[in-house]
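Taking it in order: structure first as structure tokens, then the write-up.
Convention: sequence-line order gives letters A, B, ...; per-chain numbering from 1. Just so it is clear, the model here is predicted, and its values are computed rather than measured.
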Amino acid sequence: MPETSVRVRFAPSPTGVLHIGSVRTALYNWLFARHEGGTLVLRIEDTDQERGTPEALESVFGTLRWLGLDWDEGPDIGGPYGPYMQSQRLPIYQQAAARLLERGAAYRCFCTQEDLARMRQAAEAAGRVPRYDGRCRGLDPDEAARRAEAGEPCVLRFRMPDMERLKVPDLIRGEVVFEAREFDDFIIVKSDGFPVYNFANVVDDAGMKMTHVIRGEDLLPSTPRQLVLYDALECPPPQFAHAPMLLTPERRKLSKRDLPEGALAYRDEGYLPVAVVNFLSLLGWSPGDDREVFTLDEIVQAFSIDRISPAPAVFDKQKMEWLNAQHLKRTPGSELAPLVRERMVAAGMLGPGEPSDEEAGYLVAVVDLMKERARTLNQLVEHSRFFFSDEYAFDEVGVRKRLLKPEGMADILVGLAGSLDAVAPWTAEAIETSFRASADAQGVAHGTAIHGARVAVSGQTVGPGLFDLLAVLGRERTTARLRAAAEKLRAGAFLSGSGTTA
RNA sequence: GCCCCGGUGGUCUAAUGGUCAGGACACGGCUCUUUCAAGGCCGUAGUACGGGUUCAAUUCCCGUCCGGGGUACCA
């Protein structure tokens, strides 16, 4: 492998479910890796003993897999730089910390959390910036080591070098300059022996040979600290790219609160993975032309870091829905059918068993017909109910307008059914010819017959073209439903029930 | 408070020191006709504000305002 080969990583911490903002970060890393023919590493940053959960870890895997964002090295598949769970890398951090300690780049600090809280309060009361005052900086290292060995709790702090300012080169924002006096001697190892984020992150990114770090803008302020750590560790830093935040419509940072179920909730709502990826890719990035509907491959091909915008983006669900509709239309029914099927089974519209070839074919035909108008899989399922059961609901307005309205609709429907009995072959074209002829013979306007028949067989006033619909529905169902509706009309059954007053 | 990042229609965005500032979602209207929730067409709406630099600024600079992020023994 050439040494110019790109290596990037997605490094979530498994606290709570994976949310959509993290997914966008994962996506940008994945796109960059795939575009460059590089390597994507999945690393789990579980150094927070208190907050990590196994469910959260499952959520990371599940979400990425659902979206088709695969990784080349990770906790489940290993790789040359493992392990890929930070909780299993403790010796590596300890070793790195020991090196810094030895060199005097880090020192032991025995201040308690109460001491620090007091310091902070005092500083705030005095209107000063709260920073660690460095009181343990000058402790004799040998003496400090003795106290630590004697069991006195302590943390390890990084000795901030003397410098005027810290410059962070960023692929998206150019050079970002921080004043060095903003930074105090920050903690790198907690008193429980675990490394703190900034430290573990740098040790791993350096150790795993990352060439680029693409992450959220919220991490930009911690980058200067990381840069001095790379320096102290004598490792070359990666190139940084801080992607803009995702905002709610109220312009708040998108967080777990906004979608407690996590990004997988969009699967449950009936979104296609490709649509979610397509939508997310366009939040903060654009290909530079007017294209908006992409396949995965097209996005990979078009992606580049320098076209990522620095400005935060509002997550607009309506646009995601539209994109989903576009992908629904473009995806063959045969591909959609398994997804639709599991939803129909869940909704009790289909049995859980293996479908026969005929049933499977019917489902594909229904999906091909209905996907043109649906915005989500769930909507498609909902609108397709009448294809699978005779127990479909009648739209009240539709009944009043299209069945009750023209006097004698019952006779018309029966007439239509009669002519359809003879149609062969059962194709949209043949159905239309026969249907229109029957309407003519009965002296009924085509529109009247069509509208009436639509409501009779589907209960709905909207949907695909009637003849295509009937072709899929089948002769048996069609004629039976036309006659059943006529029966019901004659019995006055449509008038019973509620809401017959306008 | 302090530090950092942003600011093109309601939203996502394109472009540019000289353009009728382009596209998409949403919204409104029209249309197709067999319905619309699909398709087509049209429309409403934008360079946050104030200074500078310049023949010319949405674009470059400064300030203001607004929004976001950070400021932990969280990540």
Side-chain angles (χ1 to χ4, degrees), chain A residues 11-15 22 45-48 50-52 86 109 111-113 116-117 120 124 127-131 153-157 168 170 172-173 176-179 181-184 186-198 200-201 215-224 242 244-245 247 249 251-253 279 282-293 307 309-323 325 329 371-375 379 383 398 401-402 432 445-455 458 460-467 469:
Chain A
S13 67
T15 58
S22 309
E45 308 218 325
D46 55 347
T47 54
D48 187 339
E50 321 239 303
R51 300 198 304 156
Q86 286 192 331
C109 167
C111 297
T112 64
Q113 302 209 42
L116 298 175
R120 240 191 318 273
E124 269 165 35
R128 282 180 291 112
V129 181
R131 331 164 57 232
C154 68
V155 301
L156 234 51
R157 283 185 185 272
V168 177
D170 185 279
I172 297 170
R173 289 152 217 282
V176 182
V177 181
F178 295 81
E179 297 298 321
R181 59 181 164 75
E182 291 300 316
F183 305 104
D184 55 7
F186 57 93
I187 293 171
I188 57 177
V189 178
K190 303 183 234 178
S191 54
D192 64 4
F194 275 67
V196 99
Y197 160 77
N198 267 326
N201 197 257
R215 55 174 27 165
E217 189 190 345
D218 49 342
L219 264 9
L220 181 55
S222 67
T223 311
H242 289 93
M245 293 283 99
L247 271 30
R251 302 201 71 86
R252 295 270 136 210
K253 179 187 179 185
F279 173 66
L282 260 18
L283 281 182
W285 172 81
S286 90
D289 52 37
D290 285 341
R291 289 179 298 164
E292 294 213 281
V293 185
R307 293 205 61 87
S309 149
V314 171
F315 187 95
D316 175 18
K317 202 171 170 186
Q318 280 192 113
K319 182 137 188 182
M320 181 164 76
E321 224 177 84
W322 173 80
L323 266 172
K329 264 196 263 262
K371 69 179 186 160
E372 296 301 319
R373 281 171 174 73
R375 287 173 86 86
Q379 223 172 67
H383 294 328
K401 234 170 109 182
R402 305 299 193 188
E432 177 162 9
H446 292 182
T448 303
I450 288 168
H451 290 311
R454 176 192 302 285
V455 174
S458 74
Q460 301 173 16
T461 57
V462 298
L466 180 69
F467 306 115
L469 189 160

Between [N] and [M], how many Å separate the two [atom1] atoms, rounded to a whole number?
N	M	atom1	value
B:A38	B:G1	P	48 Å
B:G69	B:G17	C1'	32 Å
B:U59	B:G40	C1'	36 Å
B:C60	B:C5	P	16 Å
B:G46	B:U53	P	29 Å
B:C41	B:A14	C1'	23 Å
B:G9	B:C25	C1'	12 Å
B:A21	B:A57	C1'	13 Å

Classify the nucleic acid contact of [X] as base, sugar-phosphate or nothing, counting any heavy atom under 4.0 Å across all strands shown.
X	value
A:H383	base
A:E217	base
A:V176	sugar-phosphate
A:V168	nothing
A:Q460	base
A:L323	nothing

Which nucleotide, in any strand shown, forms a Watson-Crick or G-U wobble pair with [N], with both distances under 3.5 Å?
N	result
B:C60	B:G52
B:G67	B:C5
B:C73	none
B:A15	none
B:U34	none
B:A26	none

What nucleotide among [options] has an atom nearest to a side-chain atom of [X]?
X	options	answer
A:F178	B:G1, B:C3, B:A26	B:C3
A:R375	B:C25, B:G69, B:G68	B:C25
A:P221	B:G1, B:C73, B:G70	B:G70
A:P130	B:G1, B:G68, B:A75	B:G1
A:S13	B:U34, B:A75, B:C5	B:A75
A:Q113	B:U34, B:C73, B:A26	B:C73

Round to a whole Å and report the spacing from [atom1] of [X] to [atom2] of [N].
X	N	atom1	atom2	result
A:I187	B:A75	CD1	C1'	15 Å
A:N198	B:G70	CG	P	13 Å
A:I172	B:C4	CD1	P	19 Å
A:L466	B:C36	CG	C1'	14 Å
A:D170	B:C5	CG	C1'	10 Å
A:F186	B:A72	CZ	P	13 Å
A:E321	B:A26	CD	P	9 Å
A:D218	B:A72	CG	P	15 Å

Could you list, one pair per line, each protein nitrogen or oxygen that sits under 3.5 Å from a nitrogen or oxygen of nucleotides 11-15 of chain B, together with the distance?
{"from": "B:C12", "atom 1": "OP1", "to": "A:V314", "atom 2": "N", "distance (Å)": "2.9"}
{"from": "B:C12", "atom 1": "O2'", "to": "A:L282", "atom 2": "O", "distance (Å)": "3.0"}
{"from": "B:U13", "atom 1": "OP1", "to": "A:G284", "atom 2": "N", "distance (Å)": "2.5"}
{"from": "B:A14", "atom 1": "OP1", "to": "A:S286", "atom 2": "OG", "distance (Å)": "3.3"}
{"from": "B:A14", "atom 1": "O3'", "to": "A:R307", "atom 2": "NH2", "distance (Å)": "3.4"}
{"from": "B:A15", "atom 1": "OP1", "to": "A:R307", "atom 2": "NH2", "distance (Å)": "3.3"}

Taking only the side-chain nitrogens and oxygens of [X], find out if one of them lies under 4.0 Å from OP1 or OP2 of [N].
X	N	answer
A:R252	B:G68	yes
A:T15	B:C74	no
A:R120	B:U71	no
A:K253	B:G67	no
A:K329	B:G39	yes
A:K401	B:U34	no

Side-chain ion pair, [X] and [Y], N-O less than 4.0 Å:
X	Y	value
A:K329	A:E372	no
A:R157	A:D184	no
A:E292	A:K319	yes
A:R131	A:E182	no

Query - From CA spacing to verdict: side-chain contact (heavy atoms from CB on, under 4.5 Å), A:I188, A:N198 - result: CA-CA 7 Å; A:I188 57 177; A:N198 267 326; over 6 Å; no
Query - Distance-minimising heavy-atom pair for A:G398 and A:V455 - result: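 So the two residues come closest at O-CG2, 4.1 Å.
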Query raised in the report: How close do A:A200 and A:Q86 get, heavy atom to heavy atom, and via which atoms?
Result: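 Closest heavy-atom pair between A:A200 and A:Q86: CB-NE2, 3.5 Å.
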Query - Full working for side-chain contact (heavy atoms from CB on, under 4.5 Å) between A:Q460 and A:R454 - result: CA-CA 7 Å; A:Q460 301 173 16; A:R454 176 192 302 285; 5.6 Å; no
Query raised in the report: Is there a donor N/O on one and an acceptor N/O on the other, under 3.5 Å, for the side chain of A:R173 and the base of B:C5?
Result: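 In this structure, the two groups form no donor-acceptor pair.
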Query raised in the report: What about A:R454, does its side chain sit under 3.5 Å from the base of B:U34 through a donor-acceptor pair?
Result: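 Answer yes: a donor N or O sits under 3.5 Å from an acceptor.
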Requested in this report: Quick one: pull up CZ in A:R252 and CE in A:M245 and give me the separation to the nearest 0.5 Å.
Outcome: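 Here the interatomic distance stands at 14.0 Å.
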Report task. Starting from the 5' end of RNA chain B, give me the residue, A:R128 or A:C154, whose nearest nucleotide shows up first. Result ->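 Result of the comparison: A:R128.
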**Report entry** Position toward the 5' end of RNA chain B (nearest nucleotide), A:A11 or A:G447
**Finding:**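 Of the two residues, A:G447 wins.
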Query - A:R215-A:S222 side chain donor-acceptor pair, cut-off 3.5 Å - result: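 Side chains of A:R215 and A:S222: no pair found under 3.5 Å.
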Query raised in the report: Can you tell if the side chain of A:F183 reaches within under 4.5 Å of the side chain of A:P224, non-hydrogen atoms only?
Result: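 Yes, side chains in contact.
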Query raised in the report: Looking at A:V155, A:L156, A:I187, A:L116, which hits side-chain contact (heavy atoms from CB on, under 4.5 Å) with A:C109?
Result: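 Result for side-chain contact (heavy atoms from CB on, under 4.5 Å) with A:C109: A:V155.
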